Protein chains: 2
Amino acid sequence: MGGPARLKVIAERLNLSQSTVSRALNDYQDISDRTKRLVRAAANELGYQPNMHARRLALGKSETLGYVMPWQDRQVTEAFLSELMAGMAKALAGYGWDLTVLVPHSVAEELELFQRIARTRHISGLVISRTYSDDMRFGVLRDLQIPFVSHGRSNHCDETAWLDVDNELAFAEMTTYLAGLGHRRIAHIAGPEVYNFARQRRTGWRRGISEAALDPASAPLEETELSFEGGKAAMVRLLALDPPPTAVCCVSDVVAIGAMQAIRDAGLVPGREISLVGYDGLEIGAWIEPPLTTMSQPQRSAGRQLAEMLISLVEGTTGPADNQELVRASLVRRGTANPPISGWPESRQAVRQTTRANSGGVDS
Amino acid sequence: MGGPARLKVIAERLNLSQSTVSRALNDYQDISDRTKRLVRAAANELGYQPNMHARRLALGKSETLGYVMPWQDRQVTEAFLSELMAGMAKALAGYGWDLTVLVPHSVAEELELFQRIARTRHISGLVISRTYSDDMRFGVLRDLQIPFVSHGRSNHCDETAWLDVDNELAFAEMTTYLAGLGHRRIAHIAGPEVYNFARQRRTGWRRGISEAALDPASAPLEETELSFEGGKAAMVRLLALDPPPTAVCCVSDVVAIGAMQAIRDAGLVPGREISLVGYDGLEIGAWIEPPLTTMSQPQRSAGRQLAEMLISLVEGTTGPADNQELVRASLVRRGTANPPISGWPESRQAVRQTTRANSGGVDS
DNA sequence: GTTGACTCCGAAATCGCTTTCGGGAAGGGT
DNA sequence: ACCCTTCCCGAAAGCGATTTCGGAGTCAAC
């Protein structure tokens with residue numbers, strides 16, 4: 001009758017007051033069961049859905065979470081972003097909450113965004129990702145009193161909520177695994193140390209080297225950007241070493257795939273002369289030749305967990321420090337991690353010495 | 001002074017009324033320039049941001065767009081989803097609008113979602129993707145009077161807004177290109193015909209075959225799911241033909257990568273015995289060996305266009321039929337499309353005949 | 001000097017929902 | 001008969017913006 005189903009319409013229809021209807025729907029204790037049943041039936045019949053804006057205005061909450069998309073190094077994050085977001089959105093939908101996507105394009109824009117959110121409060125909590133080792137966002141968000149959970153730790157996250165993979169453990173295990181296959185010269189292609197996860201992975205690799213009692217001197221590290229080209233270039237540098245490593249721990253799958261190309265370009269076969277392990281567990285890795293051995297982290301559930309942690313934070317059910325979760329990555333054995341082959345790199349060195357001799361070079 | 005910067009605070013500070021301040025900020029004509037300047041200065045100084053919920057409640061609009069994530073065939077869409085969404089979010093941010101992510105997990109859930117949006121109106125427009133040839137969503141959304149634009153056409157989109165790539169043209173060009181290289185038996189690994197884009201690509205391939213005056217009888221088509229495994233299986237079937245095709249147009253890059261593996265498994269080299277062209281322009285394609293020739297569509301700008309079309313629709317500036325845009329895909333020459341090599345597949349057939357003779361088979 | 005047009009601003013209603021406060025009706029105890 | 005609970009529900013005041021309506025003031029014109 002009265003247009004779309006507002007609270008008022010239901011009230012008039014049942015000869016009740018608006019406030020009674022509202023409280024009935026919200027299951028207040030001071031409304032009789034009979035009335036509640038009546039109201040609910042009517043609401044159902046009319047297909048009533050509360051006006052979100054009115055509700056949120058009155059409540060002072062927004063029931064909306066924001067996901068801050070990483071605005072650089074698109075390459076790496078792209079792969080699992082959509083899956084993560086789908087996980088979050090699905091979990092939120094269960095509570096009637098919404099997920100909005102924020103895409104700042106610079107640090108300045110990101111800070112401006114935070115300011116705006118702090119003022120308008122039209123987003124009641126944030127998920128940030130791509131955390132830096134020294135990440136100013138933690139302080140800013142704390143000062144602005146915006147509830148947030150970070151996907152990845154940082155130096156100042158003792159008192160904040162976060163969900164992270166145990167990168168250090170993962171890379172320690174990865175290194176140990178390679179050592180167990182018989183490798184003695186295990187290199188690491190690392191990411192920029194500003195990224196906390198890159199630093200953690202570095203540390204994990206070092207730990208693995210030392211736990212396997214390998215000689216640190218034969219464990220070279222090459223830092224690179226998180227991209228295909230970066231991985232390729234880093235691998236070229238590793239191949240130029242004398243002797244080169246027989247195995248490489250790569251900071252990410254994309255970097256590992258770049259490294260694979262460098263290996264092929266050198267006339268070698270990834271997983272034969274040089275073993276490789278990536279990180280991320282991307283599906284792509286299984287499609288290439290040879291398929292990339294990697295460590296995978298559970299992206300599907302991560303989204304859900306982030307969402308639930310943040311809701312509980314916003315609602316005040318739990319404190320930030322109660323929401324710190326560390327998950328494990330698991331090794332996915334495919335084709336690029338095998339025992340070292342004999343005769344390499346000695347054979348190459350022989351070739352090289354010959355070449356050098358031919359060109360007048362002399363080996364020590 | 002008075003807590004966060006509400007309209008009221010500014011008013012009191014300037015000894016003005018709330019309504020004056022509001023109209024000043026919204027640039028009403030009946031406010032003097034001097035007052036406007038004063039108000040704006042104060043607002044700026046206090047860092048005023050309007051409360052979205054109050055504003056949207058009063059306005060009756062939500063200034064929020066929804067992107068309906070495709071809830072199946074995750075594999076394919078994943079690759080460019082995040083880029084598309086980033087494009088949308090960025091464009092929307094310019095207008096002060098938000099983007100929320102909707103992830104229905106079944107047709108029923110999707111319809112329910114539409115109903116809810118129609119009632120609450122807390123999302124004022126939708127972008128839908130993954131359109132079917134016969135897509136009931138078009139009718140439903142029209143009936144519910146929810147403004148929307150589809151990323152991809154359908155059978156009933158004459159009166160609706162859409163942004164689509166000219167799939168047919170792309171595949172006609174792709175086929176022509178292969179024919180120009182000298183191929184005479186050009187196959188197509190097609191996607192499920194329920195997807196409109198899959199049907200369009202099929203049609204384009206057929207057109208290319210006929211325009212190049214090739215024999216339709218030697219232009220086999222294999223339908224498959226949009227996945228790596230699907231592409232691989234389809235290619236296996238194509239390889240079993242006698243004679244097999246010398247070139248294949250693949251409905252997507254992922255399918256093409258699957259096909260490449262089947263080719264390798266058969267002891268052949270993609271791009272040598274059998275040429276391949278994919279579609280989507282994924283970066284991954286450039287990372288594999290040999291790099292995949294493909295056709296790329298501009299994802300970066302697509303998001304922006306979708307957002308702008310939808311805003312204009314919601315605002316009523318333009319009608320649905322005014323917002324139909326067809327963009328072109330462009331060929332990305334990499335390594336898997338080359339002229340056919342001589343001696344193949346005749347050589348293979350010889351081998352096969354021998355085999356058959358040995359096992360007692362007889363050729364007609 | 002009354003009228004009229006025009007400029008600029010304030011009061012108040014409105015959007016739809018939540019929540020506090022208070023009061024009527026029913027019931028139980030002295 | 002009176003008082004005090006307890007159980008329900010209605011009235012009304014927000015939430016923070018927008019927008020309509022009308023009125024105070026200025027100035028020119030007749």
Side-chain angles (χ1 to χ4, degrees), chain A residues 2-40 42-43 46-64 96 116-124 315, chain B residues 2-40 42-43 46-64 96 116 118-122 124 315:
Chain A
R6 313 258 162 271
L7 219 45
K8 196 174 159 192
V9 178
I10 300 187
E12 285 170 358
R13 198 173 202 270
L14 297 177
N15 263 332
L16 286 172
S17 78
Q18 226 183 87
S19 60
T20 301
V21 174
S22 170
R23 278 174 301 171
L25 288 174
N26 288 337
D27 207 24
Y28 271 55
Q29 291 308 319
D30 63 347
I31 301 293
S32 71
D33 288 343
R34 201 182 68 92
T35 307
K36 282 183 187 171
R37 269 196 304 278
L38 282 174
V39 170
R40 278 176 194 150
L46 294 175
Y48 170 79
Q49 294 288 149
N51 179 311
M52 283 303 168
H53 303 308
R55 176 182 165 79
R56 289 170 182 172
L57 172 58
L59 246 26
K61 324 195 253 185
S62 69
E63 294 176 333
T64 300
R116 221 167 62 86
I117 292 175
R119 296 244 73 90
T120 67
R121 296 277 165 193
H122 75 296
I123 286 176
S124 44
E315 297 287 20
Chain B
R6 313 256 164 272
L7 219 43
K8 197 173 159 192
V9 178
I10 301 187
E12 285 169 358
R13 197 173 202 268
L14 296 177
N15 263 333
L16 286 173
S17 78
Q18 227 182 88
S19 58
T20 302
V21 174
S22 169
R23 277 174 304 172
L25 289 174
N26 288 338
D27 206 23
Y28 271 55
Q29 290 309 318
D30 61 348
I31 301 292
S32 71
D33 288 342
R34 201 181 67 91
T35 307
K36 281 184 188 172
R37 270 196 303 277
L38 282 174
V39 170
R40 278 176 195 150
L46 293 176
Y48 170 78
Q49 294 288 148
N51 178 310
M52 283 304 166
H53 303 307
R55 176 183 166 78
R56 289 170 183 173
L57 172 58
L59 246 27
K61 320 195 257 183
S62 68
E63 295 176 332
T64 299
R116 219 168 62 88
R119 297 242 72 92
T120 67
R121 296 277 164 192
H122 75 296
S124 45
E315 297 288 19

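Just so you know, these numbers use all the heavy atoms, side chains as well, and skip hydrogens, waters and symmetry mates. Computed from a predicted model, the values in this text were never measured in an experiment. Throughout, a chain's letter reflects where its sequence line sits, starting with A, and its residues are numbered from 1.
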**OP:** For residues 13-26 of chain B, pull every pair meeting salt bridge (charged side-chain N to carboxylate O under 4.0 Å, His left out), keeping only residues two or more places apart or in separate chains.
**Re:** B:Arg13-B:Glu45, B:Arg23-B:Asp30
What residues form a side-chain contact (heavy atoms from CB on, under 4.5 Å) with [X], not counting sequence neighbours?
X       : value
A:Thr35 : A:Leu16, A:Thr20, A:Ile31, A:Ser32, A:Val39
A:Ala11 : A:Val21
B:Ala58 : none
A:Gln49 : B:Arg116, B:Arg119, B:Thr120

Original post:
Which residues pass the salt bridge (charged side-chain N to carboxylate O under 4.0 Å, His left out) test with B:Glu12, sequence neighbours left out?
Top reply: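 With neighbours one apart ignored, the set is empty.
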**OP:** With sequence neighbours left out, write down each residue that passes salt bridge (charged side-chain N to carboxylate O under 4.0 Å, His left out) with B:Lys8, or none if nothing qualifies.
**Re:** none
Subject >> Within residues 47-59 of chain B, residues whose heavy atoms come under 4.0 Å of DNA chain C >> reply: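 By residue number: B:Leu57, B:Ala58.
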Original post:
Which nucleotide span of DNA chain C, 5' end to 3' end, has atoms closer than 4.0 Å to non-hydrogen atoms of chain B?
Top reply: C:dC8 to C:dG16
**OP:** Encode nucleotides 20-25 of chain D as B, S and - characters from 5' to 3', where the letter depends on protein heavy atoms closer than 4.0 Å: B to the base, S only to sugar-phosphate, - to neither.
**Re:** BB----
Subject >> Closest contact, heavy atoms only, A:Tyr28 versus A:Lys36 >> reply: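 Looking at all heavy atoms of both residues, the closest pair is O-NZ, 2.8 Å.
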Original post:
Closest approach of B:Ile10 and B:Ala42, non-hydrogen atoms and distance?
Top reply: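 That would be CG2-CB, 4.1 Å.
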Subject >> First of A:Ser17 and B:Asn26 reached from the 5' end of DNA chain D, by closest nucleotide >> reply: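 Here A:Ser17 is the residue nearer the 5' end.
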**OP:** Nearest-nucleotide wise, let me know which of B:Leu25 and A:Val21 is further upstream toward the 5' end of DNA chain D.
**Re:** A:Val21
Distances under 3.5 Å only, N/O to N/O: pair up the protein atoms with those of nucleotides 5-7 of chain D.
none

**OP:** Start with the C-alpha gap between A:Ser62 and A:Arg121, add the side-chain angles, then the distance that decides, and say whether side chain to side chain contact (heavy atoms under 4.5 Å, CB included) holds.
**Re:** CA-CA 7 Å; A:Ser62 69; A:Arg121 296 277 165 193; over 6 Å; no
**OP:** Tell me whether the OP1 or OP2 atom of D:dC9 has a side-chain N or O from A:Thr35 closer than 4.0 Å.
**Re:** yes
Subject >> Check ion pair A:Asp33-A:Arg40 (N to O, under 4.0 angstrom) >> reply: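 Judged by the 4.0 Å cut-off on N to carboxylate O distance, A:Asp33 and A:Arg40 do not form a salt bridge.
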**OP:** Just call it for A:Asp33: base, sugar-phosphate, or nothing, with non-hydrogen atoms closer than 4.0 Å on any strand.
**Re:** nothing
**OP:** Compute the bend angle of the helix from C:dG1-D:dC30 to C:dT30-D:dA1 from the end axes (five pairs per end), rounded to 10°.
**Re:**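 End-to-end axis angle for the helix from C:dG1-D:dC30 to C:dT30-D:dA1: 70°, rounded to 10°.
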